[in-house]
Peer 1: 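Pasting a structure below so you can have a look.
Predicted model only: the values in this text are computed from it and were never measured. First the proteins, then the strands, lettered A, B, ... as listed; each starts at 1.
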2 protein chains.
Amino acid sequence: MGNTNENTELKIIEAARKVFILKGMDGARMQEIADEAGINKALLHYYFRSKTKLFDRVFLELFSEVVAVINAEVEKASTLEQLIESLVSNYIQLISEKPFVPDFVLHELNRNPEMIIEYIQHKGLDLNKVFRLFQDETLNHVTYPISPVHLIVDVLALCVFPFVAKPIIKGFMLEDDELKYKKFIAERVSHVTGFIKSTLFINPQQS
Amino acid sequence: MGNTNENTELKIIEAARKVFILKGMDGARMQEIADEAGINKALLHYYFRSKTKLFDRVFLELFSEVVAVINAEVEKASTLEQLIESLVSNYIQLISEKPFVPDFVLHELNRNPEMIIEYIQHKGLDLNKVFRLFQDETLNHVTYPISPVHLIVDVLALCVFPFVAKPIIKGFMLEDDELKYKKFIAERVSHVTGFIKSTLFINPQQS
DNA sequence: ATTTGTTTTAACTATATGGTTAAATCATGT
DNA sequence: ACATGATTTAACCATATAGTTAAAACAAAT
């Protein structure tokens with residue numbers, strides 16, 4: 001009996017991921033996914049009974065990856081400064097490789113916010129450690145007292161927005177020049193890190 | 001002869017705006033727009049020949065409004081600090097009233113980045129004045145030298161992202177509590193203003 | 001060689017959707 | 001009363017789309 005099935009499932013998932021990310025749930029077509037996977041619609045439905053099931057699978061995998069990266073960084077870090085440095089650097093790096101993922105995830109989440117509730121039971125963000133780091137360092141006068149939630153949102157915003165808003169940034173501020181945009185993104189890691197550290201730390205260290 | 005036509009056109013535009021913002025171009029249905037406007041499909045196509053034409057009209061109007069608000073703030077301002085304060089405050093205020101506009105605009109722009117080129121010829125962002133303010137104040141040691149483009153992106157990111165990422169912020173960081181999210185947004189103006197000013201100005205003034 | 005599960009082929013269904021059409025109705029200004 | 005343009009009704013068209021089905025072809029394990 002053929003055991004190529006794991007291969008095929010993978011091919012389908014990869015194709016679906018590509019098409020869904022590019023077109024979104026509403027814009028994606030099952031035929032296009034089948035084509036991209038190099039199979040036919042019948043087989044596609046043989047593996048995944050419906051578009052929704054396939055989408056859910058793809059979305060959950062992508063979203064989990066994003067969350068996992070953040071959680072891994074948080075776990076590794078032993079100081080706030082270290083956390084911010086490695087988070088900013090690795091997160092921007094990650095998104096650079098899949099620049100359309102953030103818009104996809106955010107848009108689909110806005111289209112159907114209930115998806116996040118399903119996910120939370122699955123596995124959520126691990127923020128307690130961040131809160132703890134904050135408390136410690138604030139007490140020791142390493143950081144100014146600041147709302148942890150706001151700071152986390154700030155970090156994510158500064159990292160993610162430049163990718164989601166690429167057309168505006170490139171078109172309006174960088175003469176629609178792809179190279180200038182690339183350069184801009186390359187500068188981002190050090191800019192964001194510096195930006196946040198200068199606000200946060202009482203004696204900002206240069207790294 | 002009936003001159004209710006201007007009224008009807010308005011009703012259609014408003015309905016289309018609502019549906020497009022909520023569902024996006026791909027998710028929106030002409031029938032739903034007709035229903036929302038309280039008319040029938042035939043009349044809808046009598047006014048706007050195609051979905052694309054209607055979408056373009058709606059999108060351009062929305063996008064223009066966003067740009068116009070920013071440009072107006074830039075024109076009014078005479079110092080960087082003033083600009084940042086009024087921009088952050090008014091921009092967050094504006095988005096609060098139409099919280100789904102940013103995701104809509106960003107997503108449609110990513111779906112079809114060529115739209116921005118069309119728009120640029122129409123009317124673009126007026127950044128020269130920002131650059132000038134920067135230069136002056138950097139020379140006078142009011143602000144640290146910093147890339148203006150990065151700063152503009154920072155301001156937009158810090159203002160816009162909390163709305164685009166509402167499901168994540170609310171679901172993951174605020175116990176999925178709408179009230180806590182509302183409170184979080186209310187805190188944003190002063191948080192963002194303070195955040196940026198502490199990075200930017202050599203002797204940050206309290207306002 | 002037979003069995004078993006995979007994959008293709010290709011036709012098909014049901015429905016949704018953007019868009020059209022023609023005739024009828026309605027409101028309003030002349 | 002008539003003309004004109006707005007609006008409705010309702011049927012219609014063409015196409016796209018998710019999903020199904022049944023039979024055949026294929027590949028590999030027994």
Peer 1: What nucleotide among dT6(C), dA6(D), dA18(D) has an atom nearest to a side-chain atom of Tyr47(A)?
Peer 2: dT6(C)

Peer 1: How long is the line joining CG of Asp26(A) and P of dA16(C), in whole Å?
Peer 2: 15 Å

Peer 1: Does His45(A) put a side-chain nitrogen or oxygen below 4.0 Å from OP1 or OP2 of dG19(D)?
Peer 2: yes

Peer 1: Whether Arg29(A) and Glu36(A) form a salt bridge (side-chain N of Lys/Arg under 4.0 Å from carboxylate O of Asp/Glu) is what I want to check.
Peer 2: no

Peer 1: Look at all strands and tell whether Ala37(B) reaches a base, only sugar-phosphate, or nothing, counting heavy atoms closer than 4.0 Å.
Peer 2: nothing

Peer 1: Mark yes or no: Arg111(A) above the aromatic ring of Phe55(A), with NZ or CZ under 6.0 Å from the six-membered ring centre and no more than 45 degrees from the axis.
Peer 2: yes

Peer 1: Round to a whole Å and report the spacing from CD1 of Ile12(A) to C1' of dT6(C).
Peer 2: 11 Å

Peer 1: Could you state the atom-to-atom distance from CG of Leu43(A) to P of dA25(D) in whole Å?
Peer 2: 18 Å

Peer 1: In terms of ring plane angle, is the pair Phe63(A) and Tyr119(A) parallel, tilted or perpendicular, where the classes change at 30° and 60°?
Peer 2: perpendicular

Peer 1: Taking atom types as they are modelled, would you say the side chain of Lys41(A) forms a donor-acceptor pair with the base of dG19(D) within the 3.5 Å cutoff?
Peer 2: yes

Peer 1: Measure the distance from CD1 on Ile39(A) to P on dT9(C) and round it to the nearest whole Å.
Peer 2: 12 Å

Peer 1: Using the side-chain heavy atoms of Lys51(B), tell me which of these nucleotides is nearest: dG18(C), dT8(C), dG19(D).
Peer 2: dG18(C)

Peer 1: Pick the closest DNA chain D nucleotide for Arg29(A) and for Ala42(A) by heavy atoms, then say which residue is nearer the 5' end.
Peer 2: Arg29(A)

Peer 1: Find the distance Leu44(B):CG to dT21(C):P and express it as a whole number of Å.
Peer 2: 16 Å

Peer 1: Taking only N and O in the side chain of Thr8(B), is any of them less than 4.0 Å away from OP1 or OP2 of dA6(D)?
Peer 2: no

Peer 1: Answer with yes or no whether the side chains of Asp35(A) and Gln31(A) bring together a donor and an acceptor at under 3.5 Å.
Peer 2: yes

Peer 1: In this structure, how many angstroms lie between the C1' atom of dA16(D) and the CE atom of Met30(B), rounded?
Peer 2: 17 Å

Peer 1: Rounding to a whole Å, what distance do you find between Gln31(A):CD and dA11(C):P?
Peer 2: 14 Å

Peer 1: Would you mind telling me which residue lines up with the more 5' stretch of DNA chain C, Asn40(A) or Tyr46(A), judged by nearest nucleotide?
Peer 2: Tyr46(A)

Peer 1: Under 4.5 Å between any side-chain heavy atoms of Ile116(B) and Leu109(B), yes or no?
Peer 2: yes

Peer 1: For Met25(B) and dG18(C), what is the distance between atoms CE and C1' respectively, to the nearest whole Å?
Peer 2: 10 Å

Peer 1: Which part of the nucleic acid does Ala28(A) contact within heavy-atom distance under 4.0 Å: base, sugar-phosphate only, or nothing?
Peer 2: sugar-phosphate

